[in-house]
Amino acid sequence: MEKIVIIVGPTGVGKTSLSISLAKTFNGEIISGDSMQVYKEMNIGTAKVRNHEKEDIPHYLIDEFHFNEDYNVKVFQQKAREYIKLIQEHHHLPIICGGTGLYCKAAIYDYTFLEQAEDTSFMQFLQTCSHDELWSLLTIIDPKVCEVIHPNNKQRIIRALSMAHNGEKKSDIIEAQEHIPIFDVYVVGLTMEREHLYERINQRVDQMMADGLLDEIKQLVNKHEDVWSLQSFQGIGYKEWKPYFEGNATIEECVELIKKNSRNFAKRQYTWFRNQMQVHWYDIEDDHYKEEIQNDIKKYLGEE
RNA sequence: GGGGGGGUAGCGAAGUGGCUAAACGCGGCUGACUGUAACUCAGUUCCUUACGGUUCGGCGGUUCGAAUCCGUCCCCCCCCA
């Protein structure tokens, strides 16, 4: 079975730089497992790799979508797997690098996403329902998922309803799966002391401002009528600016919010990677963590 | 010096005799997550595994019972001088 390395961890630990150094030592090519870095023209706020940092390593799923397009797990999974194949045809090592937990898991686990026709009339119908109505509808249509979805989680309820409407219940799909990786994969997780991480995140946001985050936002705002409703603008570092452009917040307030949201996000990422996937963790505050990772990957690649 | 307001859990802020270890918000922590996932949602947050223990600026009273009433002391803010 062909091998894959995947790098995960919270925002700001240094996944990007590790991915490049691993790609160089192991002849790798990098696939981004990130829901925001796919968007062109969104560079500073997504902490995207700069071109000069890429060191001629091929990168995939970065700058592949226009910021007014939608992106989702299904699209990601399909493309990521195509690129894995492509890289293996090059006889190179696929390295998935990203912080979007669901995407990283979907790339390598036996998650399946069906073709789904847009049924706008049904979605509109759901919009007219109250929260309680949606929930009771779901308890009738797919009672089994109701054990897994919290009654308050409207977004998930609607998704489950539309899946059932599309012909396949969410509970059936999940039941049909084995919940195991379909690839031979080594998962590298980067971590560091929480407090230090938070400091680093704060500093990184300040650096983004110094690098011209606000200018980046202004340019995008001028290119589209209502950027704030775009999926790409739900990303941290972008959505927080809406009140500023509406005259309801200062720059400083927006920056603080971005820092806070980034910290909260980092915590959620930990929760995902600790509990949803089998990760080999490395503390970047250990002096020799890079060598350890390289040695462990060498061993992993040497196994047959 | 005179007058007024105030000191409540990490922070903000309710509570003005028992139902209060103390609403609520923020922050923190933990968790869930299968097409918005940088999303959405849940739990928890004085100490203690528990029994229980210690709290509402300090000390001392009143009371069966006090964050809440009284006395006193300390600190902060505003106004007058």
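All chains are named by letter (A, B, ...) in the order of the sequence lines, taking the proteins before the strands, and each is independently numbered beginning at 1.
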key: Pairwise P distance, B:rU45 and B:rC24 [rounded to whole Å]   = 11 Å

ask   = When the C1' atoms of B:rU55 and B:rC46 are considered, how many whole Å apart are they?
value = 7 Å

Check every atom of [options] against the side chain of [X] and return the nucleotide holding the closest atom.
X	options	result
A:Arg268	B:rC39, B:rU34, B:rA38	B:rC39
A:Arg274	B:rA38, B:rG31, B:rU36	B:rG31
A:Lys267	B:rU30, B:rU34, B:rU36	B:rU30

Answer yes or no: side-chain N or O of [X] and base N or O of [N] forming a donor-acceptor pair under 3.5 Å.
X	N	value
A:Gln234	B:rC39	no
A:Asn72	B:rA37	no
A:His179	B:rU34	yes

With a 3.5 angstrom cut-off on both distances, give the Watson-Crick or G-U wobble partner of [N], or none if there isn't one.
N	value
B:rC41	B:rG31
B:rC69	B:rG61
B:rA22	none

inquiry  = Between A:Lys267 and A:Asn264, do the side chains contain a donor N or O and an acceptor N or O under 3.5 Å apart?
reply    = no

ask   = Distance only, no hydrogens: is a donor on one side chain within 3.5 Å (strictly under) of an acceptor on the other, for A:Thr191 and A:Tyr270?
value = yes

Residues touching RNA chain B, which here means a heavy atom under 4.0 Å, drawn from residues 193-221 of chain A = A:Arg194, A:Tyr198

query = Is there a residue in residues 239-259 of chain A whose heavy atoms reach under 4.0 Å of RNA chain B, and which residues are they?
reply = A:Lys239

[N] [atom2] sits how many Å from [X] [atom1], rounded?
X	N	atom1	atom2	result
A:Ile158	B:rC33	CD1	P	20 Å
A:Gln276	B:rA32	CD	P	6 Å
A:Phe76	B:rA38	CZ	P	11 Å

Give the table of side-chain donor-acceptor pairs shorter than 3.5 Å for residues 143-153 of chain A, with sequence neighbours excluded, one pair per line with atom names and distance.
| residue | atom | partner | partner atom | Å |
| --- | --- | --- | --- | --- |
| A:Lys144 | NZ | A:Glu175 | OE1 | 3.4 |

ask   = Do the side-chain N or O atoms of A:Tyr71 get closer than 4.0 angstrom to the phosphate oxygens (OP1, OP2) of B:rU36?
value = no

Tabulate protein N/O versus nucleotide N/O from nucleotides 9-12 of chain B, keeping only pairs under 3.5 Å, one per line.
none

task = Assert yes or no for the condition that the ring centre distance of A:Phe76 to A:Tyr103 is strictly below 6.0 Å.
result = yes

note = Taken in chain and number order and not counting sequence neighbours, the residues that satisfy salt bridge (charged side-chain N to carboxylate O under 4.0 Å, His left out) with A:Lys48 are A:Asp63

request  = Applying salt bridge (charged side-chain N to carboxylate O under 4.0 Å, His left out), name anything that partners A:Asp286, two or more places apart in sequence or on another chain.
outcome  = none

